[in-house]
K.L.:
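Below you will find the structure I want to go over with you.
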Protein chains: 2
Amino acid sequence: MDMRFDLAQKAQDDTALVMAGAPSGKGCGGQYCDRCEVRDQAICADLDEQQRGALNRIGRRVSLQAGQTVMWEGDSSTLVANVIEGTLKLSTSTGDGREQIVGVVYASDFIGRPFGARTPHSVTALTDARLCLYPRGAFDGFAREHPVLEHRLLQRTLDDLDRTRAWMLLLGRKNAREKVATLLLDMHNRLPADRGGVIELPLSRQQIADVLGLTIETVSRQIGDLKRMGLIALAGRRGVRIVDADRLEAMAEGE
Amino acid sequence: MDMRFDLAQKAQDDTALVMAGAPSGKGCGGQYCDRCEVRDQAICADLDEQQRGALNRIGRRVSLQAGQTVMWEGDSSTLVANVIEGTLKLSTSTGDGREQIVGVVYASDFIGRPFGARTPHSVTALTDARLCLYPRGAFDGFAREHPVLEHRLLQRTLDDLDRTRAWMLLLGRKNAREKVATLLLDMHNRLPADRGGVIELPLSRQQIADVLGLTIETVSRQIGDLKRMGLIALAGRRGVRIVDADRLEAMAEGE
DNA sequence: CTTATGCATTGACCTCTGTCAAAGCGGGCG
DNA sequence: CGCCCGCTTTGACAGAGGTCAATGCATAAG
């Protein structure tokens, strides 16, 4: 059976569980916000203590396991959230099941579609994750009353749009080697490395393929080539160390 | 010589002309806004008369000829604008000159990068066009003081992001036939048709290729195939009529 | 109306990436 | 510690789309 369909089934059940199981009225809570890991990076950063308290009251914390899907492409938009911890993918699919990952989000990022009727893409946890979840209607109302929040959301959305458009160049005009090199550099810049300089990829080979618009076989071959050329070193299935960043950057640009 | 480079050269000169030649202090002007064709669709729609007057004072109207470039990828972001009339493309390129069109904008759309240091893509007129142009700094300041404007800008940016992500699915996962069919339907939905049902494409074959991540030859072959199959009819270089929308939609989805 | 220019089409060929199938191997479980 | 499952790698092959080159044909200038 297709792994992706498998995950989807599982997640559908789990999501229902999360929704039902969360204690109502228990928001992020002022006490949570005070020690929130992403308080200074997330969109709530510019709110004062009182405003944050008010936002708290409409939200709640939720834990996700790797593989769980929080929102489904095409569903009516009922939830938005801040990512407290973990990595998630945003994805869309064609009618016949081809998938494209349209974004990868990290701690402090915002997910969901405020001010819109439909969720344009699915959101699925790649690692275990924690969210600060808000009902969309209440969030929209709060945002409209707090321009500092909307401003921060606007900045974030503009940044997302820039990054997304840059990725279109990769999808439309780069070859497989350039695509893989670009992704490895991108992850290298965004993920923490251990002492040995090894980063743990949050994506399987199939997911890398889904981000780059390739097949798993092509991704595997390209990574193998880069290793054989001595530009990268592999450590297990998910570990990667950039050995020669300059040459890898040259590859990424097609030089 | 490469057509695209040629255009670029030409536009660089012309842009300078426009900037220097515009009478300073002559804004869109209250009298212009009153008869503005896009007043109710552009981001200024929710401003009251007085606020619109204030925004006017920092902007001015500018005319562009087809082929002129208004903003350059990577330049510092100094301008933003509303499109009054015409069609423009947003594009990025790799170091070695491969181009990807990352967006096509029409009347009432907003262009430029507010709240950011750099322009992430070039903006070039595909047809003759008119803009309502604002210096970025002044626009940013005005926007921060007028949450209704920022809200409208946020909605527009969220919509852009949705559309851009949907396009990523096309770039990463659709084949040439599906890409071309999708584009023709998209244009059919957004452009006015004459009595005969013929739409005038604002894009040359090369530009269609740059939107779809294909070569001009592949685009030409696919359009030829669709014509031979009786799904579309051609009228000159730019004219297209959708003959069988249902079958074309099936093509677009790969069915 | 005619001509010239440049965009568009068509053809031949080749390469890159996808497809299908089999083997390898990392990591969790017993 | 070893086994087994599922992800990953590797191989052989096919086909979609790119490349290079020549021809066709709108369109606008004369």
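Lettering of chains follows the sequences in order, A, B, ..., and the numbering in each one begins at 1. On a predicted model such as this, the values are computed, not experimentally measured, just so you know.
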K.L.:
Does a donor on one side chain and an acceptor on the other come within less than 3.5 Å for A:Thr94 and B:Lys174?
P.N.:
no
K.L.:
Taking the axis from the first five pairs and the axis from the last five, what angle separates them in the helix from C:dC1-D:dG30 to C:dG30-D:dC1, rounded to 10 degrees?
P.N.:
40°
K.L.:
Go through the structure and list residues passing salt bridge (charged side-chain N to carboxylate O under 4.0 Å, His left out) with A:Arg237, not counting sequence neighbours.
P.N.:
none
K.L.:
Check DNA chain C against residues 213-224 of chain A and give the residues with a non-hydrogen atom under 4.0 Å, in numerical order.
P.N.:
A:Gly213, A:Leu214, A:Thr215, A:Glu217, A:Thr218, A:Arg221
K.L.:
Rounded to the Å, how far apart are B:Lys174 NZ and C:dG18 C1'?
P.N.:
19 Å
K.L.:
Using ring pair (Phe, Tyr, Trp, His ring centres under 6.0 Å) as the criterion, list what pairs up with B:Phe110, not counting sequence neighbours.
P.N.:
B:Phe139
K.L.:
State which residues pass salt bridge (charged side-chain N to carboxylate O under 4.0 Å, His left out) with B:Arg190; sequence neighbours excluded, sorted by chain then number.
P.N.:
B:Asp186
K.L.:
Using a cut-off of strictly less than 4.0 Å between a heavy atom of the residue and any atom of DNA chain C, enumerate the qualifying residues of residues 236-244 of chain B by number.
P.N.:
B:Arg237
K.L.:
Report the distance from atom CD of B:Gln100 to atom CG of B:Leu90, rounding to the nearest 0.5 Å.
P.N.:
11.5 Å
K.L.:
What pairs meet the salt bridge (charged side-chain N to carboxylate O under 4.0 Å, His left out) rule with one or both residues in residues 102-113 of chain B, with sequence neighbours excluded?
P.N.:
A:Asp159-B:Arg113, A:Asp162-B:Arg113, B:Asp109-B:Arg156
K.L.:
Under the rule for salt bridge (charged side-chain N to carboxylate O under 4.0 Å, His left out), what residues qualify as partners of A:Arg177, not counting sequence neighbours?
P.N.:
A:Asp225
K.L.:
My understanding is that only residues two or more places apart in sequence, or in another chain, count here; which of them pass salt bridge (charged side-chain N to carboxylate O under 4.0 Å, His left out) with B:Glu249?
P.N.:
none
K.L.:
Between C:dT17 atom P and A:Leu171 atom CG, what is the distance in whole Å?
P.N.:
14 Å
K.L.:
In whole angstroms, how far is the P atom of C:dC7 from the CG atom of B:Leu126?
P.N.:
14 Å
K.L.:
How close or far is atom C1' of D:dG18 from atom CG of B:Asn175, stated in whole angstroms?
P.N.:
15 Å
K.L.:
By side chain to side chain donor-acceptor pair (under 3.5 Å), which residues pair with B:Ser93, not counting sequence neighbours?
P.N.:
none
K.L.:
Quick one: B:Ile208 CD1 to C:dT9 C1', roughly how many Å, whole number?
P.N.:
14 Å
K.L.:
In whole Å, what is the span from the CG atom of A:Leu201 to the P atom of D:dT8?
P.N.:
10 Å
K.L.:
Please name all residues satisfying side chain to side chain donor-acceptor pair (under 3.5 Å) with B:Asp246, sequence neighbours left out, ordered by chain then number.
P.N.:
none
K.L.:
Taking side chain to side chain donor-acceptor pair (under 3.5 Å) as the test, write out the residues that go with A:Asp194, two or more places apart.
P.N.:
none
K.L.:
Does B:Arg228 place a side-chain N or O at less than 4.0 Å from the phosphate oxygens OP1/OP2 of C:dT10?
P.N.:
yes
K.L.:
Could you tell me the separation between the CG atom of A:Leu234 and the C1' atom of C:dG26, rounded to a whole number of Å?
P.N.:
13 Å
K.L.:
Please report, rounded to the nearest Å, how far the P atom of D:dG18 is from the CG atom of B:Asp210.
P.N.:
12 Å
K.L.:
Nearest-nucleotide wise, let me know which of A:Ala235 and A:Ala176 is further upstream toward the 5' end of DNA chain C.
P.N.:
A:Ala176
